[in-house]
**Student:** 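The structure's right below; bear with me while I get my questions together.
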Amino acid sequence: MDIAVIRGDGIGPEIVNEALNILNIAAKKFNLNFNYKDVYMGGCAIDKFGEPLPDESVKACLASDAVLLGAVGGPKWDSQPPENRPEKGLLKLRNALGVYANIRPARMFNALKAACPLRDDIAAKGIDFIVVRELTGGIYFGEHFINEAKDFARDVMTYSELEIKRIAKTAFETARIRNKKVTSVDKANVLASSRIWRQIVSEMRDKDYSDIELNHMYVDNAAMQIVKDPSQFDVILTENMFGDILSDEASQITGSIGLIPSASLGADNTPWLYEPIHGSAPDIAGQDKANPIGTILAAAMMLRYSFKLEEAACAIEQAVNKILNDGWRTGDIFDAAHDDKDKLLGCSQMAKVIGDAI
Ligand code: NAD
């Protein structure tokens with residue numbers, strides 16, 4: 001299995017190195033063979049090649065079986081022209097890989113309930129759902145127009161049957177290996193694209209996924225339900241802009257940004273992209289303070305989705321769960337009122353205890 005590895009900037013190299021250590025431990029335990037290829041993207045690529053994602057990097061990613069990314073960007077490159085900023089590399093990469101399905105788990109670890117900003121009785125019911133967001137269509141990719149007088153603007157939201165079907169398939173199949181429930185979020189009382197979305201998703205459920213429970217929810221209600229009773233959700237399926245907003249809301253209610261992975265999936269014969277949801281955290285870069293768990297869980301998602309190695313993926317996830325239950329913490333999830341100061345770890349030690357628990 002060939003994995004393109006993009007360490008990126010800021011804390012990127014620290015967290016990716018630890019995720020690779022964990023992959024190597026999993027490889028040993030489950031008799032797997034991973035080959036890593038270093039790929040430059042982001043500020044480090046600007047420094048070396050003058051651009052955030054050289055064609056060589058795209059080629060190396062396309063030639064791999066999966067891509068593991070840390071994070072890119074930082075103040076050093078903030079004065080770059082917009083078309084040459086580190087984040088442009090990421091957009092170009094997503095485009096080149098054709099990854100249209102963004103999968104973001106919103107899961108609260110039992111050991112970290114105190115970090116949940118929701119009321120205790122709501123948190124007590126648990127949070128464990130996945131947002132499946134369409135990533136390459138909708139209003140972000142429609143026509144954007146501003147007239148010369150700058151007193152009129154238009155952004156166009158479009159969706160085709162093909163785009164809806166392929167993302168709905170991802171959601172139904174994700175639900176099939178979980179609790180078999182999909183909530184499709186739209187604004188069908190106002191938007192035409194939502195009306196065909198709702199119709200196509202319903203038809204697919206009746207034809208191919210009758211084992212899955214499907215309900216439809218307006219996006220305004222979904223935003224409310226996520227904070228009112230997140231335990232009702234298993235898989236949320238939604239279009240690009242709604243998913244952008246709801247997935248941030250969902251990650252926020254589970255605790256630290258440093259814990260959450262994401263996967264971006266595309267066609268079956270292309271490499272998919274795995275990364276933590278946070279950025280390059282320049283404020284703590286190079287200090288061994290970063291939480292590596294988001295990246296380690298992204299590596300576990302890679303094993304599950306790209307390589308169908310469910311057992312190895314679960315082993316990593318269970319190890320993370322165990323060490324959190326045992327009280328080990330990095331600074332971002334350390335709560336002086338509840339946690340033991342002697343169990344406060346840096347990035348590399350945190351990965352070490354996870355590795356030992358696998
Ligand atoms: P950020 O996510 O990097 O950091 C926000 C806060 O969370 C900071 O206080 C940081 O220290 C903390 N944090 C983030 N990840 C952490 C971790 N693993 N462990 C502990 N603490 C963690 O967001 P930002 O500060 O807005 O952005 C910094 C840079 O990252 C910018 O250049 C931005 O453009 C870039 N960025 C990149 C990506 C990406 O590569 N996918 C995503 C978002 C932001």
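Order of listing sets the numbers, starting from 1, for every ligand and every atom in it.
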**Student:** Is R166 close to L162 at the side-chain level, that is, under 4.5 Å between some pair of heavy atoms?
**Tutor:** yes
**Student:** Angle between ring planes, F49 versus Y40, binned at 30° and 60°: parallel, tilted or perpendicular?
**Tutor:** perpendicular
**Student:** So, N84 versus W77: side-chain donor-acceptor pair below 3.5 Å or not?
**Tutor:**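 No pair is found: no donor N or O on one side chain lies under 3.5 Å from an acceptor on the other.
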**Student:** Could you pull out every protein residue that has a heavy atom closer than 4.0 Å to ligand 1, ordered by chain and then number?
**Tutor:** I11, A71, V72, G73, G74, E87, L90, I257, G258, E275, H278, G279, S280, A281, P282, D283, I284, A290, N291, D332
**Student:** Please check if the distance between the ring centroids of W197 and Y159 is under 6.0 Å.
**Tutor:**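 Here the rings of Y159 and W197 have centres that are less than 6.0 Å from each other.
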**Student:** Using the test side chain to side chain contact (heavy atoms under 4.5 Å, CB included), find all partners of I25 that sit at least two apart in sequence or belong to another chain.
**Tutor:** I358
**Student:** Taking the side chain as C-beta and beyond, is there a heavy-atom pair between T170 and Y100 under 4.5 Å?
**Tutor:**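 Touching, per the 4.5 Å side-chain cut-off.
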